[in-house]
Amino acid sequence: MKKRFTIAGIGMAAGALLMMMTLNVSADQMTVERAKEIALEHAGVKETDASLVKAKTEYEDGRLIYEVEFLTKDYQEYGYEINATDGQILKIDWEKKFAYTGNEQKDQTNITLEQAKATAITHVGQTAENITFVKEEMDYEDNRLVYELEFYTADGKWYWYDIDGAGVVTEWEYDAEKYAAYQAMEKQFEEIKTAALKAAGLAAKNVIWGELETDYEDGRLIYEGEFYYSGLKYEFEIDAATGMVLDWDID
């Protein structure tokens with residue numbers, strides 16, 4: 001399932017998603033048809049205005065999930081993941097299908113990154129002080145400037161946006177649980193950094209960190225990272241399960 005969406009369509013009021021995100025129903029009501037209803041109601045789309053409505057069941061992390069997808073008459077494409085137990089909306093993706101000619105010019109007047117961020121913040125119905133951005137990138141697609149933004153809110157909600165140079169939200173994604181996973185990953189990374197510094201006999205204030213990523217070797221999860229100290233580059237591998245340093249390289 002593609003993971004891109006925007007807040008219940010461009011025509012939906014910015015604050016409406018936040019009010020409806022907690023939508024739940026009792027377990028005995030949860031059927032495929034009810035999942036379709038939840039998705040359509042949340043998007044503010046009548047069933048008569050939606051086409052290609054599809055729904056299927058999947059198991060994720062031991063849970064039964066309903067996946068609902070549909071297309072509106074004005075070419076807004078929606079995808080929902082809904083918890084089959086309580087009707088909670090877990091993920092949504094939205095994309096507006098535009099007919100670009102390919103003749104758009106790179107040198108046209110475009111909004112700034114700060115304006116794009118402000119657009120995303122307003123669109124999600126939040127204020128700047130409640131937002132932490134973790135990704136801010138600028139790119140060109142089909143000769144159009146596009147800002148890619150990733151952020152989470154103070155209440156632990158994760159969002160991803162594509163906003164074009166004209167300030168139009170073209171894609172948007174929400175994940176109810178990704179921020180918790182992000183926090184867990186950050187905690188693990190900090191523990192790995194601590195283990196690496198302890199093995200090197202260095203303090204955190206004395207080093208500059210480079211990349212830190214995960215890999216699998218012989219069925220084991222391994223952290224591979226690097227940092228710089230006193231003009232030297234340290235590379236290491238640490239066993240994720242035991243915290244044991246498996247390999248060092250100093251250059």
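Note: hydrogens, waters and symmetry copies are ignored here, and every other heavy atom, side chains too, is used.
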Item to check | From CA spacing to verdict: side-chain contact (heavy atoms from CB on, under 4.5 Å), D162, V146 | outcome: CA-CA 6 Å; D162 257 10; V146 176; 3.7 Å; yes
Below 4.0 angstrom, N of the basic side chain to O of the carboxylate: do [X] and [Y] qualify?
X	Y	result
E191	K193	no
K91	E67	no
E114	K117	yes
K233	D251	no
E177	R63	yes

Next on the checklist: Set out, in order, the CA-CA distance, both residues' side-chain angles and the distance that settles side-chain hydrogen bond (donor to acceptor under 3.5 Å, both in side chains) for W160 and E148, then state yes or no.
Outcome noted: CA-CA 8 Å; W160 174 94; E148 185 173 330; 3.1 Å; yes
Checklist entry - If you look at every heavy atom in E136 and L149, which pair is closest and at what distance? => result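 For E136 and L149, the tightest heavy-atom pair comes out as CA-CD2, 4.1 Å.
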Next on the checklist: Give me the atom names and distance for the closest heavy-atom approach of A50 to V45.
Outcome noted: CB-CG1, 4.1 Å
Item to check | Residue pair Q188 / Y223, side-chain donor-acceptor N/O under 3.5 Å | outcome: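 Checked: Q188/Y223 side chains pair up, N/O donor to acceptor below 3.5 Å.
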Item to check | T127 and E129: side chain donor to acceptor below 3.5 Å | outcome: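 On atom types as modelled, these side chains qualify, holding a pair under 3.5 Å.
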Common cluster, [X]/[Y], ILVMFWY with side-chain heavy-atom separation under 4.5 Å:
X	Y	answer
I65	L40	no
L212	V134	yes
Y140	L113	yes
Y59	V68	no
W209	W248	yes

Heavy atoms, side chains only, cut-off 4.5 Å: are [X] and [Y] in contact?
X	Y	answer
L197	V207	yes
I111	I163	yes
E224	E217	yes
V245	I238	yes
D74	K96	yes
R144	E141	yes
L90	D175	no
L145	M138	yes

If you measure from [atom1] on [X] to [atom2] on [Y], what distance do you get to the nearest 0.5 Å?
X	Y	atom1	atom2	answer
N130	T153	CG	OG1	7.5 Å
D164	E171	CG	CD	11.0 Å
E226	E211	CD	CD	5.5 Å
E137	E150	CD	CD	9.5 Å
E237	L246	CD	CG	6.5 Å
E95	L71	CD	CG	10.5 Å

Between [X] and [Y], how do the two ring planes meet: parallel, tilted or perpendicular, split at 30° and 60°?
X	Y	value
F151	F133	tilted
Y234	F227	parallel
F70	Y78	parallel

Checklist entry - Does the pair K36 and E41 meet the rule for a salt bridge (Lys or Arg N to Asp or Glu O under 4.0 Å), with working shown? => result CA-CA 8 Å; K36 290 181 183 179; E41 288 171 4; over 6 Å; no
Item to check | Y152-W158 aromatic ring centre distance below 6.0 Å | outcome: no
Checklist entry - Is atom CD of E47 surrounded by more than 12 heavy atoms (other residues, nucleotides or ligands) closer than 6.0 Å? => result no
Item to check | I208 atom CD1, over 12 foreign heavy atoms within 6.0 Å | outcome: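 Counting other residues, nucleotides and ligands, CD1 of I208 stays at 12 neighbours or fewer.
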Checklist entry - Given I250 and Y229, is the side-chain contact (heavy atoms from CB on, under 4.5 Å) satisfied, shown in steps? => result CA-CA 10 Å; I250 303 175; Y229 171 73; over 6 Å; no
Checklist entry - Does the pair Y216 and I222 meet the rule for a side-chain contact (heavy atoms from CB on, under 4.5 Å), with working shown? => result CA-CA 6 Å; Y216 279 91; I222 303 296; over 6 Å; no
Next on the checklist: Is it the case that the side chain of D239 and the backbone of G243 share a donor-acceptor pair, with hydrogens and angles ignored and the cut-off at 3.5 Å?
Outcome noted: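 No; judged by distance alone, with no hydrogens or angles, the pair does not exist.
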Item to check | side-chain contact (heavy atoms from CB on, under 4.5 Å) evaluation trace for E60 with E81 | outcome: CA-CA 10 Å; E60 294 183 7; E81 289 189 11; 3.4 Å; yes
